[in-house]
Amino acid sequence: MNYWLMKSEPTTYGIDNLFKLPSRTDHWEGVRNYQARNFMRDNMKLHDQAFFYHSNCEIPGIVGIMEIVRESHPDLTALDLNSQYYDPKSTPENPRWAMVSVRFLEKFKNTISLSLLKTCSELQNMTLLKPGNRLSITPVTEKEWAFILSLKN
DNA sequence: GCCAACGTTGGC
DNA sequence: GCCAACGTTGGC
């Protein structure tokens, strides 16, 4: 099983949006970065788990856990003229953008903040913390995953 | 709101 | 294929 970290801006789509759905399941739509797409398309497998990360907000950090419940399939918002994620270069024959489906597993009582993560020597090689990293989807090692879970309270 | 870092676009 | 211009991300 692989582990991941997936960013979203809570003003656009936060963990509560996912939690409130009856199925607690949704598509991770709108990724428009090739490296992030490739992680979803090529490496994310059924039952992988992912941290839900809130970015560009008051306390950036990890707020909970999701499970991958459907592997890569075309992101049709790229074909939707009315979508903010519309991409004229995507076509039904060649959809270009992909997404996975995720299911809510857990919301942490407290956000595990980016500023806390940065202080942990155990995480000094974590992709999220690499200088200049802006990728919205990054891999998490099993050790990093377990360590971060130990920070929960 | 600022701005550094990075990605993408498109002329040449 | 180079690279300048531009757009986006996201912490602060």
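Here is the naming used below: chain letters follow the sequence lines, and residue numbers restart at 1 for every chain.
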Please state whether the phosphate of dG11(C), meaning OP1 or OP2, lies under 4.0 angstrom from any side-chain nitrogen or oxygen of Tyr53(A).
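Checking Tyr53(A) against dG11(C): at least one side-chain N or O falls below 4.0 Å of OP1 or OP2.
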Below the 4.0 Å mark, does dT9(C) have OP1 or OP2 next to a side-chain nitrogen or oxygen of Lys7(A)?
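For dT9(C), OP1/OP2 do not have a side-chain N/O of Lys7(A) under 4.0 Å.
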Report yes if the distance between the aromatic ring centroids of Phe39(A) and Trp4(A) is under 6.0 Å, otherwise no.
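Centroid distance Phe39(A)-Trp4(A): below 6.0 Å, so yes.
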Mind checking whether Tyr85(A) and Trp97(A) have ring centres under 6.0 Å apart?
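No, ring centres 6.0 Å or more apart.
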May I ask you to check whether over 12 heavy atoms, not counting those of Lys130(A), lie within 6.0 Å of atom NZ?
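Yes, because the 6.0 Å sphere around NZ of Lys130(A) holds more than 12 heavy atoms from other groups.
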Provide, to the nearest angstrom, the distance between the [atom1] atom belonging to [X] and the [atom2] atom belonging to [N].
X         : N       : atom1 : atom2 : value
Trp97(A)  : dG7(B)  : CH2   : P     : 13 Å
Asn133(A) : dA4(B)  : CG    : P     : 18 Å
Arg134(A) : dG7(B)  : CZ    : P     : 6 Å
Leu116(A) : dC12(C) : CG    : C1'   : 17 Å
Asp87(A)  : dT8(C)  : CG    : P     : 13 Å
Leu117(A) : dC12(C) : CG    : P     : 11 Å
Leu128(A) : dG10(C) : CG    : C1'   : 11 Å
Asn56(A)  : dA5(B)  : CG    : P     : 18 Å

Is the shortest side-chain N to carboxylate O distance from Lys152(A) to Glu106(A) below 4.0 Å?
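Yes, charged N to carboxylate O under 4.0 Å.
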If you measure from the Lys or Arg side-chain nitrogens to the Asp or Glu carboxylate oxygens, is any gap between Arg37(A) and Asp75(A) under 4.0 Å?
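No salt bridge links Arg37(A) with Asp75(A).
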Among [options], which nucleotide has an atom closest to any side-chain atom of [X]?
X         : options                  : value
Leu114(A) : dG10(C), dG11(C), dT8(C) : dG11(C)
Lys89(A)  : dG7(B), dT9(B), dG11(C)  : dT9(B)
Tyr34(A)  : dC6(B), dT9(B), dT8(B)   : dT8(B)

Within the 4.0 Å heavy-atom criterion, would you say Lys118(A) contacts the bases, only the backbone, or no part of the nucleic acid?
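Answer is sugar-phosphate: Lys118(A) comes under 4.0 Å of backbone atoms only.
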